[in-house]
Amino acid sequence: MNNELITKLLELAKIAATRNEVPVSAMIISPETGEIIAENHNRCEELKDITAHAEMIVIKEAMQKLGVKRLDGYDLYVSLEPCTMCAGAISLSKIKNLYFFSEDKKGGGVINGVKFFEQNTCHHRVNVYPALKDEFSQILKDFFKNKRNVK
């Protein structure tokens, strides 16, 4: 796993936190070249859009940039386990590999919750690689701790 990509993903999550967004970031990577096709972070607050999760944004950006309607063979790196909505979009876009670095026991839809890719109704199963790293969990814990203390 490329440490530069992980560092960039962590930086994007930190940027999201400074913008009062849940610190989640995502990148679409070309498996052939390692090129970052799209990168972003959650923008729900900024866009006033509950669907503006990092995964949804980078999927759309990558398809527009590449001029395609599916991302066959591409990799998705995400700082947090995707929710069910994002898992559905990941499946429909035909991403090949999903890497995420923090588990979401409450809202996750991949290894927690509905376990979307294990359902019979899932048309395209993605290879899932949870590579849990403390720094991604910590930024989320700090963000929500600060939110509770600001009240």
Side-chain angles (χ1 to χ4, degrees), residues 1-104 106-119 122-140 142-144:
M1 191 153 314
N2 185 325
N3 284 334
E4 290 177 29
L5 292 178
I6 293 169
T7 300
K8 180 67 174 172
L9 204 61
L10 192 56
E11 289 171 8
L12 287 167
K14 289 177 180 178
I15 290 168
T18 66
R19 295 179 178 175
N20 200 34
E21 300 282 359
V22 175
V24 177
S25 55
M27 295 185 291
I28 300 286
I29 308 294
S30 167
E32 295 170 4
T33 65
E35 175 190 2
I36 298 172
I37 305 301
E39 62 183 54
N40 221 312
H41 55 75
N42 276 7
R43 295 176 64 195
C44 299
E45 298 297 324
E46 173 191 348
L47 299 175
K48 306 289 185 258
D49 178 357
I50 59 166
T51 68
H53 291 195
E55 303 94 310
M56 302 294 281
I57 294 169
V58 297
I59 287 170
K60 289 177 188 178
E61 287 178 352
M63 289 187 294
Q64 289 173 350
K65 181 177 180 180
L66 297 169
V68 298
K69 74 174 193 175
R70 290 194 177 79
L71 296 168
D72 295 292
Y74 283 82
D75 296 337
L76 174 61
Y77 286 69
V78 187
S79 60
L80 179 66
E81 174 184 356
C83 70
T84 303
M85 172 186 70
C86 292
I90 292 164
S91 176
L92 291 171
S93 66
K94 299 201 177 211
I95 286 170
K96 182 177 183 180
N97 299 306
L98 167 64
Y99 301 87
F100 63 88
F101 301 98
S102 186
E103 184 178 5
D104 188 350
K106 184 177 179 182
V110 178
I111 62 173
N112 290 288
V114 301
K115 299 179 182 177
F116 187 85
F117 301 122
E118 295 177 20
Q119 302 304 313
C122 179
H123 296 287
H124 172 72
R125 285 177 176 69
V126 176
N127 299 316
V128 176
Y129 302 100
L132 307 180
K133 298 200 176 286
D134 291 339
E135 56 264 44
F136 286 98
S137 298
Q138 193 61 51
I139 192 171
L140 287 156
D142 292 346
F143 177 80
F144 286 111

Separation between [atom1] of [X] and [atom2] of [Y], rounded to the nearest 0.5 Å:
X      : Y      : atom1 : atom2 : value
Ser25  : Phe136 : OG    : CZ    : 6.0 Å
His124 : Ser93  : NE2   : OG    : 7.0 Å
Met56  : Ile50  : CE    : CD1   : 10.0 Å
Glu32  : Asp75  : CD    : CG    : 10.5 Å
Glu103 : Asn112 : CD    : CG    : 4.5 Å
Asn42  : Glu55  : CG    : CD    : 7.0 Å

Tell me the closest heavy-atom pair linking [X] and [Y], and the distance in Å.
X      : Y      : value
Glu39  : Met27  : CB-CG, 3.7 Å
Ala26  : Leu76  : CB-CD1, 4.1 Å
Cys44  : His53  : SG-CD2, 3.7 Å
Pro82  : Ile90  : CG-CD1, 3.8 Å
Gly109 : Val114 : O-CG2, 4.0 Å
Leu9   : Ser79  : CD2-N, 3.7 Å

Side chain to side chain contact (heavy atoms under 4.5 Å, CB included) between Ile29 and Ile36, worked out
CA-CA 5 Å; Ile29 308 294; Ile36 298 172; 3.6 Å; yes
Taking the side chain as C-beta and beyond, is there a heavy-atom pair between [X] and [Y] under 4.5 Å?
X      : Y      : value
Val110 : Asp104 : no
Lys14  : Glu11  : no
Leu5   : Tyr99  : no

Any chance CG of Asp72 has more than 12 other-residue heavy atoms, nucleotides or ligands included, within less than 6.0 Å?
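Enclosed: over 12 neighbouring heavy atoms sit under 6.0 Å from CG of Asp72.
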Does NZ in Lys96 sit with more than 12 non-hydrogen atoms of other residues, nucleotides or ligands closer than 6.0 Å?
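No.
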Using modelled atom types and a 3.5 Å cut-off, is there a donor and acceptor pairing between side-chain atoms of [X] and backbone atoms of [Y]?
X     : Y      : result
Thr7  : Asn3   : yes
Glu21 : Glu46  : yes
Arg43 : Ala16  : no
Lys94 : Ser91  : no
Glu81 : Phe100 : no

Please test Ile95 against Ile28 for side chain to side chain contact (heavy atoms under 4.5 Å, CB included), starting from the C-alpha separation and ending with a verdict.
CA-CA 9 Å; Ile95 286 170; Ile28 300 286; 3.8 Å; yes
